Undergrad: 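Would you mind keeping the following structure in view while I ask a few things?
This is a predicted model, so every value here is computed, not measured.
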Amino acid sequence: MDLAKELGVELGVECIQAASTRFPDGECYTRIDCDKLDDDVIIVQNTYPDGNLVEMFLLQDAARRLGAKSITLVIPYFGYARQDKVFKPGEPESAKVMCRHLDMNCDRVITIDIHKEIILDNFRCPHKDLKAAPVIAEYFKGKNIDLVLSPDIGAAGRAQIVGETMGLPYDHLEKTRFSGTEVRISPATVDCKGKRVLIVDDMISTGGTIIAASQALKDAGAAGVSVACTHGLFVNNALERFAGSTLDTILCCNTLNNAVSHISVAGLVAGAIRDAQAGKW
Ligand code: R5P
């Protein structure tokens with residue numbers, strides 16, 4: 001079940017699948033098939049790939065025209081978050097641009113493991129970034145894991161939450177990124193000999209990080225390597241590259257739909273919405 005439908009079940013509210021097609025010239029057409037929406041409306045939509053952004057803007061307007069009293073945007077995977085600042089002169093601040101445009105027609109925003117939480121400060125309305133790490137930890141409890149690792153220091157906090165929740169040791173590997181597709185993981189210095197390791201990360205894009213990390217762990221004598229991430233982008237058929245690998249398991253959350261998005265964050269999102277309705281944020 002996709003996240004929006006599951007969220008509807010969790011909250012006990014109707015889930016309407018908006019019609020989404022393309023005009024012959026490629027422009028987006030969308031429609032919410034109902035007479036009125038005089039209620040609090042939740043729109044669940046990623047800002048990735050680009051077409052979803054346009055659809056989101058149109059849905060926000062359609063919902064408001066149908067009488068929505070409030071609009072909560074649930075953006076499970078917030079695209080464009082990695083260009084969160086101007087790295088070189090002449091570049092845009094893409095993440096801010098997206099926020100400013102989405103902000104024109106919403107009352108609350110929920111994201112999950114956004115690349116950098118500070119991006120959400122570009123919204124003037126209440127906003128919250130939810131952490132999938134505890135959900136991932138619960139999913140892997142009792143599944144024969146001995147050690148939790150992140151592939152780099154940037155995700156060390158995530159490994160810590162998963163490790164502590166599972167009652168397991170945790171650590172991180174050392175990663176050097178050379179380009180969007182090239183990474184190197186230094187030989188593992190953490191003791192993983194004979195251990196079944198769970199690697200946790202925020203996203204898998206090309207899969208380069210996970211392939212290098214699992215190889216480093218195997219070289220260091222790990223007995224098994226499983227992988228869990230929040231957002232499984234798997235660009236350029238990256239998921240297929242894992243098919244012949246020695247990974248025990250590869251799983252991600254249902255922030256993006258794919259063949260391995262079996263860890264549901266619906267309960268997490270529903271909890272945040274209930275808290276908002278109770279005036280807690
Ligand atoms: C890096 O900051 C992220 O946490 C991920 O490790 C990274 O985006 C994964 O990308 P890829 O799968 O292309 O190595």
Side-chain angles (χ1 to χ4, degrees), residues 1-20 28 30 32 34 37 39-64 66 68-81 95 98-117 119-136 202-203 229-233 252-258 261-281:
M1 203 189 299
D2 75 22
L3 179 55
K5 283 190 192 142
E6 221 179 307
L7 187 57
V9 173
E10 285 274 346
L11 293 171
V13 300
E14 186 186 1
C15 177
I16 301 173
Q17 173 71 57
S20 175
C28 177
T30 189
I32 304 168
C34 66
L37 276 179
D39 216 329
D40 298 314
V41 174
I42 303 162
I43 301 177
V44 183
Q45 175 69 296
N46 289 324
T47 56
Y48 168 93
D50 288 0
N52 280 358
L53 262 167
V54 177
E55 194 175 270
M56 176 79 106
F57 298 144
L58 301 179
L59 282 174
Q60 287 174 271
D61 184 67
R64 202 66 92 180
L66 285 167
K69 285 184 192 149
S70 72
I71 296 179
T72 297
L73 301 185
V74 174
I75 309 175
Y77 174 65
F78 192 102
Y80 285 96
M98 299 311 157
C99 293
R100 287 290 158 89
H101 284 79
L102 293 162
D103 189 52
M104 287 163 65
N105 211 349
C106 70
D107 302 280
R108 187 178 291 117
V109 178
I110 295 174
T111 56
I112 300 158
D113 285 342
I114 191 168
H115 184 60
K116 282 193 188 147
E117 219 170 318
I119 291 168
L120 293 179
D121 290 343
N122 291 303
F123 286 102
R124 285 165 297 183
C125 59
H127 46 78
K128 200 179 242 323
D129 184 59
L130 308 178
K131 310 295 171 210
V135 181
I136 289 172
D202 61 340
M203 70 167 79
C229 76
T230 307
H231 312 296
L233 273 77
C252 50
C253 297
N254 58 347
T255 55
L256 290 153
N257 280 327
N258 57 58
S261 55
H262 300 316
I263 305 174
S264 179
V265 290
L268 183 69
V269 177
I273 289 173
R274 283 193 205 100
D275 283 351
Q277 286 167 340
K280 293 186 184 167
W281 64 281

Undergrad: Determine whether Lys69 and Asp40 satisfy the following criterion, salt bridge (charged side-chain N to carboxylate O under 4.0 Å, His left out), listing intermediate values before the conclusion.
TA: CA-CA 5 Å; Lys69 285 184 192 149; Asp40 298 314; over 6 Å; no
Undergrad: Determine whether Arg100 and Asn122 satisfy the following criterion, side-chain contact (heavy atoms from CB on, under 4.5 Å), listing intermediate values before the conclusion.
TA: CA-CA 7 Å; Arg100 287 290 158 89; Asn122 291 303; 3.9 Å; yes
Undergrad: How close do Val54 and Cys28 get, counting heavy atoms only, and between which atoms?
TA: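 Minimum heavy-atom contact is CG1-CB, 4.1 Å.
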Undergrad: As a test of understanding, state which of Leu58, Leu37, Val41, Ile43 forms a side chain to side chain contact (heavy atoms under 4.5 Å, CB included) with Ile32.
TA: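 Checked Leu58, Leu37, Val41, Ile43 against Ile32; only one passes side chain to side chain contact (heavy atoms under 4.5 Å, CB included): Leu37.
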Undergrad: When you measure from the side chain of Gln60 to the backbone of Leu102, do you find a donor-acceptor pair of N or O atoms at a distance under 3.5 Å?
TA: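 Flag set: sc Gln60 to bb Leu102 pair under 3.5 Å.
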Undergrad: Output side-chain donor-acceptor pairs under 3.5 Å for residues 268-281, partner residues at least two apart or in another chain, one line each.
TA:
| residue | atom | partner | partner atom | Å |
| --- | --- | --- | --- | --- |
| Arg274 | NH2 | Glu10 | O | 3.1 |
| Trp281 | NE1 | Ala272 | O | 2.8 |

Undergrad: side-chain contact (heavy atoms from CB on, under 4.5 Å) for Leu53 and Met98? Distances and angles first, verdict last.
TA: CA-CA 8 Å; Leu53 262 167; Met98 299 311 157; 3.5 Å; yes
Undergrad: Is it true that the side chains of Asp113 and Thr230 contain a donor and an acceptor less than 3.5 Å apart?
TA: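 Yes, because at least one side-chain N or O of Asp113 sits under 3.5 Å from a partner of the opposite role on Thr230.
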Undergrad: Please tell me if the side chains of Ile112 and Phe78 come closer than 4.5 Å, counting only heavy atoms from C-beta onward.
TA: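 No; the side chains remain at least 4.5 Å from each other.
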Undergrad: So, does Asp129 use its side chain to make a donor-acceptor pair with the main chain of Leu120 at under 3.5 Å?
TA: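 Checked: no pair found.
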Undergrad: Would you mind reporting whether Val9 and Leu7 have side-chain heavy atoms less than 4.5 Å apart?
TA: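 No, their side chains stay 4.5 Å or more apart.
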Undergrad: Could you tell me whether a side-chain N or O of Asp107 sits under 3.5 Å from a main-chain N or O of Ile71, the two making a donor and an acceptor?
TA: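 Indeed, once roles are kept as given, a pair shorter than 3.5 Å links the two residues.
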Undergrad: Does any non-hydrogen side-chain atom of Leu130 lie less than 4.5 Å from one of Ile110?
TA: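 Ile110 reaches Leu130 side chain to side chain.
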Undergrad: Looking at Lys116 and Asp202, does any basic side-chain N land under 4.0 Å from a carboxylate oxygen?
TA: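 Not counted as a salt bridge, because no side-chain N and carboxylate O are separated by less than 4.0 Å.
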Undergrad: Between Lys131 and Glu117 (salt bridge meaning N to carboxylate O under 4.0 Å), is one present in this structure?
TA: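 Looking at Glu117 together with Lys131, the answer is yes, because their closest N to O distance falls below 4.0 Å.
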Undergrad: Between Asn257 (side chain) and Asp2 (backbone), is there a donor-acceptor pair under 3.5 Å?
TA: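 No; judged by distance alone, with no hydrogens or angles, the pair does not exist.
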Undergrad: Quick one: ring-ring contact (aromatic ring centres under 6.0 Å, His included) partners of Tyr77, sequence neighbours excluded?
TA: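 If we apply the ring-ring contact (aromatic ring centres under 6.0 Å, His included) test to Tyr77, skipping adjacent residues, the hits are Tyr48, His231.
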Undergrad: Give the intermediate values and the outcome of side-chain contact (heavy atoms from CB on, under 4.5 Å) for residues Val135 and Cys253.
TA: CA-CA 9 Å; Val135 181; Cys253 297; 5.6 Å; no
Undergrad: Is it the case that the side chain of Asn105 and the backbone of Phe57 share a donor-acceptor pair, with hydrogens and angles ignored and the cut-off at 3.5 Å?
TA: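 Side chain of Asn105 to backbone of Phe57: no pair is present.
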Undergrad: Do Ser20 and Glu55 pair up side chain to side chain, a donor and an acceptor below 3.5 Å, judged on atom types alone?
TA: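 On atom types as modelled, these side chains qualify, holding a pair under 3.5 Å.
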